[in-house]
Number of protein chains: 2
Amino acid sequence: MANSTIALDELDRRILRALQQDGRIAITLLAEQVGLSATPCLRRIRRMEEAGIIARYTAVLDPARVGLPIQAFVQVALSSHAEEVATAFHKALASRGEVIAAYAMSGGMDYMLHVVAADFEAYADFALKALLRMPGVKETRSSFVLMALKPPGAIPL
Amino acid sequence: MANSTIALDELDRRILRALQQDGRIAITLLAEQVGLSATPCLRRIRRMEEAGIIARYTAVLDPARVGLPIQAFVQVALSSHAEEVATAFHKALASRGEVIAAYAMSGGMDYMLHVVAADFEAYADFALKALLRMPGVKETRSSFVLMALKPPGAIPL
DNA sequence: CCTGAAATTGCCGCTAA
DNA sequence: TTAGCGGCAATTTCAGG
């Protein structure tokens with residue numbers, strides 16, 4: 001996972017589209033779909049993995065079906081933007097599995113979190129006992145997901 | 001992808017953890033890791049795929065490395081909650097690749113969108129020319145991602 | 001445990017700077 | 001001529017029965 005900026009041609013983009021659609025597709029099949037033989041196809045995939053274009057492969061789970069039907073987005077403001085406060089906060093976030101995504105944001109609130117929970121009680125525990133007590137947290141604002149219209153999105157290529 | 005609610009035992013959870021970590025792991029290796037032989041391991045995987053617990057497999061791309069370095073979360077309020085307005089809005093969202101995730105939300109704003117773009121100009125085009133003209137859109141509020149702390153998250157099991 | 005299929009590697013040929 | 005890319009074929013490993 002290096003960081004070189006590599007140019008992608010149409011073949012690469014086709015490969016990425018196919019792999020986003022089905023991350024376990026057989027290389028042989030993929031190669032056929034994009035109009036290559038397996039060898040150069042695999043070579044391109046490896047190159048994009050090395051370059052960090054393909055970050056990883058994953059199984060996408062349905063949170064509701066694994067017992068985590070509650071999803072929320074939480075905006076968080078910190079009371080201080082000192083680096084050590086931010087670092088401590090990041091560390092606290094990292095240790096919490098229910099935070100499935102976290103972003104530092106521009107604008108009024110400093111962070112956006114995507115959180116899953118088994119039920120409202122578990123969510124409340126997280127929000128009140130964990131999140132609000134994390135280092136530097138000044139204010140939080142939770143909104144719950146009622147319905148996922150586009151659950152896991154592919155990146156347009 | 002049925003919808004039966006199936007109980008997961010510790011073995012299933014281990015399988016899911018491994019598949020979230022590496023969606024292309026070989027069944028043989030996975031089986032060894034979780035302490036099963038390949039055949040029953042594969043059976044469990046198929047069962048969870050059928051049940052929709054495993055929704056799909058995907059390659060996770062780094063948006064910045066495929067030319068989409070701008071990410072934003074956009075909250076959207078509709079002027080009407082009539083079903084036909086909402087449906088038209090959902091349809092408009094679906095046709096926009098830069099919207100990589102969309103959720104109907106509780107609370108003040110009706111929707112939360114996760115959007116990627118090649119640059120601010122492209123983002124502005126989306127926000128001003130596409131989103132604001134979608135059916136029923138009353139108000140939008142964009143916040144930009146400065147840094148992804150937990151980019152693509154796994155669901156805790 | 002066995003058989004067919006897939007992944008992976010080495011090697012060769014083609015094409016363009 | 002050399003660097004880069006694609007294809008073929010052989011080998012090893014995997015999937016699925």
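Because the structure is predicted, anything quoted here is derived from the model rather than measured. Residue numbering restarts at 1 for every chain, and letters A, B, ... go by the order of the sequence lines.
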Inspect the contact between B:Arg44 and B:Asp9 and indicate whether a charged nitrogen and a carboxylate oxygen are less than 4.0 angstrom apart.
yes
Return the CZ to CZ distance between A:Arg47 and A:Arg43, rounded to the nearest 0.5 Å.
10.5 Å
Between atom CD1 of B:Ile53 and atom CD1 of B:Ile155, what is the distance when rounded to the nearest 0.5 Å?
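With rounding to 0.5 Å, CD1 (B:Ile53) is 11.5 Å from CD1 (B:Ile155).
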Residue [X], side-chain heavy atoms: nucleotide from [options] that is nearest:
{"X": "A:Ser37", "options": "D:dG7, D:dC5, D:dG16", "answer": "D:dG7"}
{"X": "A:Leu42", "options": "D:dC5, C:dT8, D:dG7", "answer": "C:dT8"}
{"X": "B:Thr28", "options": "D:dG7, C:dA6, D:dA15", "answer": "D:dA15"}
{"X": "A:Thr39", "options": "D:dG6, D:dG7, D:dA15", "answer": "D:dG7"}
{"X": "B:Ala26", "options": "C:dT8, D:dG6, D:dC14", "answer": "D:dC14"}

How close or far is atom [atom2] of [N] from atom [atom1] of [X], stated in whole angstroms?
{"X": "B:Glu49", "N": "D:dA15", "atom1": "CD", "atom2": "P", "result": "12 Å"}
{"X": "B:Ile27", "N": "D:dC14", "atom1": "CD1", "atom2": "C1'", "result": "9 Å"}
{"X": "A:Glu32", "N": "C:dA5", "atom1": "CD", "atom2": "P", "result": "14 Å"}
{"X": "B:Leu19", "N": "D:dA15", "atom1": "CG", "atom2": "C1'", "result": "15 Å"}
{"X": "B:Ile45", "N": "D:dC14", "atom1": "CD1", "atom2": "C1'", "result": "13 Å"}
{"X": "A:Leu11", "N": "D:dC5", "atom1": "CG", "atom2": "C1'", "result": "11 Å"}
{"X": "A:Leu30", "N": "D:dG6", "atom1": "CG", "atom2": "P", "result": "14 Å"}
{"X": "B:Leu29", "N": "C:dA7", "atom1": "CG", "atom2": "P", "result": "15 Å"}

Any side-chain N or O of A:Arg43 under 4.0 Å from OP1/OP2 of D:dG7?
no
Please tell me if A:Arg47 has a side-chain N or O lying less than 4.0 Å from either OP1 or OP2 of D:dC5.
no
Both A:Cys41 and A:Arg24 contact DNA chain D. Taking the nearest nucleotide for each, which residue is further toward the 5' end?
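Counting from the 5' end, the first nearest nucleotide belongs to A:Cys41.
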Show your working on salt bridge (charged side-chain N to carboxylate O under 4.0 Å, His left out) between B:Asp22 and B:Arg17 and close with a plain yes or no.
CA-CA 9 Å; B:Asp22 178 4; B:Arg17 272 193 289 266; over 6 Å; no
Taking atom CD of B:Glu10 as the centre, report whether more than 12 heavy atoms of other residues, nucleotides or ligands fall under 6.0 Å from it.
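Yes, the 6.0 Å shell around CD holds more than 12 heavy atoms from other groups.
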Classify A:Leu36 by what it touches in the nucleic acid, base, sugar-phosphate, or nothing, heavy-atom distance under 4.0 Å.
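Sugar-phosphate only.
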